[in-house]
*Asks:* 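Below: one structure in structure tokens.
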Amino acid sequence: MAYVITDECLACGSCASECPASAIKEGDIYVITEECLECGACVDTCPTGAIVEK
């Protein structure tokens, strides 16, 4: 299962700080890169629920 960050992203950075693989990069909205381990650690940290299964 892979994850994506949707347009609901506020670019707050809470997900990036929780990612053990440093697979979340900053942009207009944050993006999950191919380094993602698919662990889901980022999902519960997102205050807007912007991280969903692909």
Side-chain angles (χ1 to χ4, degrees):
M1 130 185 44
Y3 296 94
V4 294
I5 300 176
T6 66
D7 290 339
E8 285 80 30
C9 175
L10 300 175
C12 68
S14 62
C15 59
S17 64
E18 290 297 315
C19 181
S22 298
I24 300 175
K25 303 299 177 200
E26 189 174 359
D28 290 337
I29 64 171
Y30 279 61
V31 295
I32 299 174
T33 66
E34 62 189 37
E35 288 84 15
C36 177
L37 301 174
E38 300 180 13
C39 68
C42 58
V43 175
D44 292 332
T45 65
C46 181
T48 62
I51 303 172
V52 297
E53 290 182 32
K54 192 175 195 179

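Positions are given from 1 along the sequence. What you see is a predicted model; the values in this text were computed from it and never measured.
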*Asks:* Nearest 0.5 Å please: distance from the SG atom of C42 over to the CD1 atom of I32.
*Replies:* 4.5 Å
*Asks:* Measure across V43 and Y3 and return the closest heavy-atom pair with its distance rounded to 0.1 Å.
*Replies:* CG2-CE2, 3.4 Å
*Asks:* In a table with atom names and distances, give each donor-acceptor pair under 3.5 Å that connects a side chain of residues 13-31 to protein atoms at least two apart or in another chain.
*Replies:*
from : atom 1 : to  : atom 2 : distance (Å)
S14  : OG     : T45 : O      : 3.1
S17  : OG     : S14 : O      : 2.9
K25  : NZ     : S22 : O      : 2.8

